[in-house]
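All values derive from a computational prediction rather than experimental measurement.
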Amino acid sequence: MPIPLTVDPIKEEIVHELRRIAGLVDKITVSDNPVRDYRELTEIRNRLKRVGDVLDKGVSAKHFTAAQIRSLAASFEAIGAALEKAI
């Protein structure tokens, strides 16, 4: 069963936090160390692109399928794993 899009008061807080995170990520400086290729950052970027693609499809359809929700969850889990590897 598709999950419908609804207006939720928490949505604005989510949008605010995502904008805040984007601003902070923009301020992160990565050294130009040729020894390190930052695979974790590449993985995080790719997963965030997937999240955006899934959200775009769900918004266009005005609902999210269970498969799309699972895809979002898997992407966020992979982002967490990439962050753990980066430590």
Side-chain angles (χ1 to χ4, degrees):
M1 169 172 227
I3 298 169
L5 297 180
T6 61
V7 177
D8 191 312
I10 295 174
K11 181 191 74 100
E12 290 304 318
E13 291 176 38
I14 293 170
V15 169
H16 171 76
E17 290 303 320
L18 288 171
R19 286 186 179 136
R20 185 175 73 88
I21 291 167
L24 292 169
V25 168
D26 195 39
K27 293 178 182 178
I28 293 173
T29 303
V30 178
S31 69
D32 294 326
N33 183 349
V35 175
R36 180 108 163 94
D37 64 1
Y38 298 102
R39 277 180 237 158
E40 295 87 1
L41 290 178
T42 300
E43 177 67 15
I44 291 167
R45 181 206 58 210
N46 292 343
R47 291 297 183 152
L48 287 172
K49 286 173 88 173
R50 286 183 195 167
V51 166
D53 291 345
V54 170
L55 290 174
D56 189 35
K57 288 176 185 174
V59 168
S60 293
K62 296 187 175 31
H63 69 273
F64 292 96
T65 65
Q68 287 170 319
I69 298 298
R70 282 192 295 275
S71 176
L72 290 171
S75 289
F76 283 114
E77 287 176 17
I79 289 167
L83 289 170
E84 286 289 329
K85 272 194 211 174
I87 297 174

All N/O donor-acceptor pairs, side-chain side in residues 67-79, below 3.5 Å, sequence neighbours left out:
{"residue": "Q68", "atom": "OE1", "partner": "T65", "partner atom": "N", "Å": "2.7"}
{"residue": "Q68", "atom": "OE1", "partner": "T65", "partner atom": "OG1", "Å": "3.4"}
{"residue": "S75", "atom": "OG", "partner": "S71", "partner atom": "O", "Å": "3.2"}

Throw together a table of side-chain donor-acceptor distances under 3.5 angstrom for residues 47-59, partners on residues two or more places apart or in other chains.
{"residue": "R47", "atom": "NE", "partner": "E43", "partner atom": "OE2", "Å": "2.9"}

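E17 pairs by the salt bridge (Lys or Arg N to Asp or Glu O under 4.0 Å) definition with R20, not counting sequence neighbours. Listed by chain and number, the residues in a side chain to side chain contact (heavy atoms under 4.5 Å, CB included) with L18 are I14 (sequence neighbours excluded).
Clustering of Ile, Leu, Val, Met, Phe, Trp and Tyr by side-chain heavy atoms under 4.5 Å joins V15 with none of the others.
Other residues, nucleotides and ligands contribute only 12 or fewer heavy atoms inside 6.0 Å of the CD1 atom of I10.
Put simply, CD1 on I21 and CG on D26 are 13.5 Å apart, with the number rounded to the nearest 0.5 Å.
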